[in-house]
Structure formats: C-alpha cells, structure tokens
Amino acid sequence: MSMVLYNDLTRSKEPFVPVHEGHVGFYSCGPTVYDYFHIGNARPFILFDTLRRYFEYSGYTVTFVQNFTDIDDKMINRANQEGISVSELADRFIAEYYKDADALGVRRPTHAPKATEHMDEIIGLVSTLIEKGHAYEVDGDVFFDVGSFPAYGVLAKQSLEELQSAARTEINERKKHPLDFALWKSKKEGEPSWPSPWGEGRPGWHIECSAMSMKYLGSTLDIHSGGTDLTFPHHENEIAQAEAATGKTFAKYWIHNGYLLIDKEKMSKSLGNFLTARAAREKFPPRAIRFFMLSAHYRSPINFSEESLVQAESAVERLDNCWSGLQHAKKNPGSEEGAGAGLADLLDGLEGRFREAMDDDFNTAAALGIVFEGVKGINTFLKENDGGDAKTLERAEAFLRTVDSILGVIGIDEEEARGDEEEIEILLKEREAARRERNFSRSDEIRDSLAARGILLEDTPQGTKWKRKN
RNA sequence: GGCGGCAUAGCCAAGUGGUAAGGCAGAGGACUGCAAAUCCUUUAUCCCCAGUUCGAAUCUGGGUGCCGCCUCCA
C-alpha cells in the first residue's frame, strides 16, 4: 500500500514516490519570529508534524526542515518598537516558538535553519541567478527577472499577463516587470545588513527558503508545504528562484493546508482577529487543540470556535478514558486468555483501515473515526470480560500507542508521579471499607476531598479507578 | 476580472455511482448507594433546479450562499 498525496502542482492526487527510496526530504515554511504564533499558524505546524510522524511510522527516514525567518520588515519594525536588536528579538521568539510547539506535541525539525545564518548560501544563489541572466542589479538591489523564466505561474496556474492584470503592486520604475521581486535589498539607515557583491544589504523573503531548503535537502525536495496563502507569490517565487538556478525540479509535491477561520474569516495578525497558541493552550488542553486540527481534512478550511474546542476536549477525554481503563485493567486482570481473539482481529482490521485512510492524502478525519471504533471495541471488551486477559490488553495497548505515536492525541505516559500516589491508594482503601459498611457519607467525603484536589474517582466492577483532571 | 475552495443531522466531520463512518450535544434504557465512566437503543428527504444512469451526497449543466489567493500573511 502506498501513499497518495494531493499535489498542488498538478491539482490532483498522485502516488507518493520519493526522490530517494525510503527517504523523504520535507521542507515546511516556518514562522517569522517577531511575535507569538497564533492558532492559525499552529495548524501547519501540527498538521505537517503529523504527516512527518506518519512517514516515519510508514518506514521512511524523514529529513524535516522548517526555517525561522529572522530578518525581514516585520522583524525590523518590531525590534525598533521594542528597542532591542533584531537578533535579540529573534532569539526571544524562537524560544517562545519552541515553548508552544513543544507543548502542542510538535516534534522538533531535523534542521531549523535561520536566514541570518545562511547568508553565504543566499548570496551564492542570488549570484548564480545573476550569472544565468535571471536576475539583475539596480543600485544595490537585486530583482528576479520573471520574464526570463517562462514557467513563472506554474503553481498559481496563471500566466504572467493574468497575474499582472490584477497585481496591486506599486509601479517601481526600476523593475523590468511589475512582478519582478526582490532577491536582495540594499541597506537602509538603521537596518541590519550583510556584505554582498552588490553592497551592504539583506535578503528578500523568498530567497531564504530556496537557499536553505536546497542546502539541507538537495536541489530536488520531495515535499514542500505551507499554508495555502503562501502558494502565491511565495512558493511560486521559490520555484522560479530554485529552478532557474539549478535547471532541476525544485519540489515534487507541493501541499498546502487550508486556513483556520474565526467567525468565518481568515485568522491573521493583520486582521487582528487572532488567538495566540499560548492563550489557546491556557484555555484548552494541547491535545484537544491537536485533535481539533486533525478532525478535518488538512486542505479544508476549519472554523475556530470555543464550542469546537470544547467538543474536541470531550473527544480527547474519551480517548484518555479508554487508555486509563486499559491501565486499570492491567493491574486488575480478569478473564482467561482466548476471550480477546475477537478484539485482536478487530484491532488488526482497524489498523489496516487506519493506514488506508492516512495513505489516502492524509485523511486524519477518517483515521480518527477508525480510532474511535477501536475505542468502542476495547471498552466493550473490558466490560464483557471483567477486565480481560493480559495478552489481549497488550494488544489493545499497542493499538492506542501506535495511533498516538502518529496523531499525538491520547494521554499516554503523560501521568507523572507526584509523590501522592500512595496516599491516594490509602484513601481509596478507606473509602472502599466505608462503602462496604454502607457508610456513604464517609465515602463521599473522601471522593469530594479528592475531587477538590483534581482527582476523579470512578467505581467500576473491577474496583475503583482514579485519574487526574487536567 | 483571473485562479481556487466549500455547502452532509442541533454542532463538528468522513464518505466521489449501489439508499449515509466517527466525535460532541440530546432522549430512553442497562449498570451503580449516589456520581462518573462504560455499554445498548435512538436522532439525516446529503443547499436548490434540471440532466446522465437500472441506481447519485457522489457524475454533467445551471442556480444560490459562503470563503480564500492574485499585497505582508500559515
């Protein structure tokens, strides 16, 4: 079974065939580190992290590269506002990025290059483009010459004329064509700058991704991803820069995630209608945020609302309850081996269907539906077999672990010892004794006092189990 | 103007030719001292119209509504 991915380059689903067998070179456009990222920004981070995890589960070695844009107009403006240097600003928000991304279960990239640390590669690429006649210098600025690259518009699926007719770009007398874009910008007063053959200056935004992606992944990447708003002009320009320089296909598969909307409008910093990931995870468990992101297809727009997150939180609790039920059953095994053959078969089948769903253009919504079928199967098994046998419990646990290693939505191994476990067990025993004596006021008192500490009890036929409320 | 996306139950959302996965919420029941969890049952003329077909949520044509890109943007 092989994967099929929707490729924006061809606007169709294609079988995934990597450049090098068994390996995936994956580049995802990362954040401009001038501020906290919002949950709209979080969507690609979570989505493409999950896709990466799935490639790894499927047996690929993945080199996952996500850059930090640490020099551009927004960086300079914000640094000036804050009265700090651009690099101080970058350091600060790269650290903040990792706080949020780590909390959301986003694995760290194989490489997380910063533009400011790749000036040699950027300048080298710009030089090559000038040499090959695809770029020209005007008074210290360097522009890409879109007229020299006939394929310009492949991603946007529009001709130069069509793109130009609606262009809102200001007329710049120095550019040959209105759509020519800056590869290198000459220094302005008070801006950070680097030496170059064209004088002091800094790179344009688009060139950094081309330069850094090819440095770490070679001249042809397998996958290049980002939000759908990057399709044009950012990704179009990346293709132009890279292919004009190398003559090779830049990326085989272009995948773009749909927007996260709020009140049916795109969430963005410029519209001001955003909720930072930081604020979101203070309000909702990070796994609920992940679940929300994965509950719809990655190319569909999703509408953020408090209600959606509350629903996701409840769904995640159902997953957690299944896991904790399993853990409780392991400590209190029930019936003999053999009773679980049906469940094992069910889970085998579900794992196959899970893979099929994920292989089909990364259909996480369908995959989650299949996971819940497994949850129901496991819950029913536990109920009908008074806990069940060790072997079947292992099988069920393996199912949830597999799912979680890819989707990251189940509360596995999150429980840390806090030193009060023994005390809780003693209280549970006391409560058990009180219940036997039908001293319910005492037993409820214990339950209430534990609840006040965030510890919830459930009386099951296999004894009382407890869990911490997040 | 050009390019593109979406419309499935109260809410979220899979499903691209054979009469609708899953989650949340609701109702009834089982279990329980109670609660919680769990299980069972239950909730859809698939935006509208026309067409193709033995058969369409699914294909075609025409509407309507919503959203996005073409400017920094995930």
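Below, chain A is the first sequence line, B the second, and so on; all start at residue 1. These numbers come from the heavy atoms of this one structure, side chains and all, not from hydrogens, waters or symmetry mates.
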Would you find a donor on one side and an acceptor on the other, under 3.5 Å apart, between the side chain of [X] and the backbone of [Y]?
X      : Y      : result
A:R53  : A:S405 : yes
A:T110 : A:T63  : no
A:S210 : A:E238 : yes
A:N332 : A:H328 : yes

### Query
Reckon A:R447 has a side-chain N or O less than 4.0 Å from the OP1 or OP2 of B:rC34?
no
### Query
Does OP1 or OP2 of B:rA37 have a side-chain N or O of A:W466 closer than 4.0 Å?
no
At less than 3.5 Å, do the side-chain atoms of [X] and the base atoms of [N] form a donor-acceptor pair?
X      : N      : answer
A:R299 : B:rG5  : no
A:D229 : B:rG68 : no
A:N41  : B:rC73 : no
A:K266 : B:rC73 : yes

Counting only Watson-Crick pairs (N1-N3 plus N6-O4 or O6-N4) and G-U wobbles (N1-O2, O6-N3), all under 3.5 Å, who is the partner of [N]?
N      : answer
B:rA44 : none
B:rG10 : B:rC24
B:rG55 : none
B:rG4  : B:rC67
B:rG17 : none
B:rA37 : none
B:rA74 : none

Write down the distance between [atom1] ([X]) and [atom2] ([N]), rounded to a whole number of angstrom.
X      : N      : atom1 : atom2 : result
A:N257 : B:rG68 : CG    : C1'   : 13 Å
A:L319 : B:rU38 : CG    : P     : 10 Å
A:F93  : B:rA74 : CZ    : C1'   : 17 Å
A:E384 : B:rA37 : CD    : P     : 20 Å
A:F45  : B:rC73 : CZ    : C1'   : 12 Å
A:E317 : B:rA36 : CD    : P     : 13 Å
A:D35  : B:rC72 : CG    : C1'   : 14 Å
A:L457 : B:rU32 : CG    : C1'   : 14 Å

NA contact type, [X], heavy-atom cut-off 4.0 Å: base, sugar-phosphate, or nothing?
X      : answer
A:G226 : sugar-phosphate
A:N321 : sugar-phosphate
A:S225 : nothing
A:L230 : sugar-phosphate

### Query
With nearest nucleotides of RNA chain B determined for A:L260 and A:T380 from heavy-atom distances, which residue corresponds to the more 5′ nucleotide?
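Taking each residue's closest nucleotide, the earlier one in sequence belongs to A:T380.
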### Task
Check the pair A:Y36 / A:F93 against ring-ring contact (aromatic ring centres under 6.0 Å, His included), numbers first and verdict last.
CA-CA 7 Å; A:Y36 296 96; A:F93 282 109; 5.2 Å; yes
#### Entry: Cationic N near anionic O, under 4.0 Å, A:R442 to A:E437
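Between A:E437 and A:R442 there is no salt bridge, as every charged N stays at least 4.0 Å from the carboxylate O atoms.
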### Task
Before accepting this row, confirm whether a basic side-chain N of the pair A:K74/A:D35 lies closer than 4.0 Å to the acidic partner's carboxylate O.
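Between A:D35 and A:K74 there is no salt bridge, as every charged N stays at least 4.0 Å from the carboxylate O atoms.
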Report all interatomic pairs (protein N or O, nucleotide N or O of nucleotides 15-17 of chain B) with separations under 3.5 Å.
residue, atom, partner, partner atom, Å
B:rG15, OP1, A:N363, ND2, 2.7

### Message
Looking at A:D263, I'd like to know if its CG atom is crowded, meaning that more than 12 non-hydrogen atoms belonging to other residues, nucleotides or ligands lie closer than 6.0 Å.
### Response
no
### Query
What do you reckon, are the aromatic ring centroids of A:Y57 and A:Y54 less than 6.0 Å apart?
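Yes, the ring of A:Y57 comes within the 6.0 Å limit of the ring of A:Y54, centre to centre.
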### Message
If you only use heavy atoms from C-beta on, which nucleotide in B:rG68, B:rA21, B:rG5 is closest to the side chain of A:E265?
### Response
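Side chain of A:E265 sits closest to B:rG68.
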### Message
Nearest to the side chain of A:L261, heavy atoms from C-beta on, is which of B:rG33, B:rC67, B:rC70?
### Response
B:rC67
### Query
Should the ring pair A:F68 and A:Y97 be called parallel, tilted or perpendicular, given that the plane angle runs from 0 to 90° and is split at 30 and 60?
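Rings of A:F68 and A:Y97: perpendicular, over 60°.
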#### Entry: Test item: side-chain donor near acceptor, A:T392 and A:D389, under 3.5 Å
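A pair is found: one side chain offers a donor N or O, the other an acceptor, under 3.5 Å apart.
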Please list, pair by pair, any protein nitrogen or oxygen found under 3.5 Å from a nitrogen or oxygen in nucleotides 22-30 of chain B.
residue, atom, partner, partner atom, Å
B:rG23, N2, A:Q311, OE1, 2.8

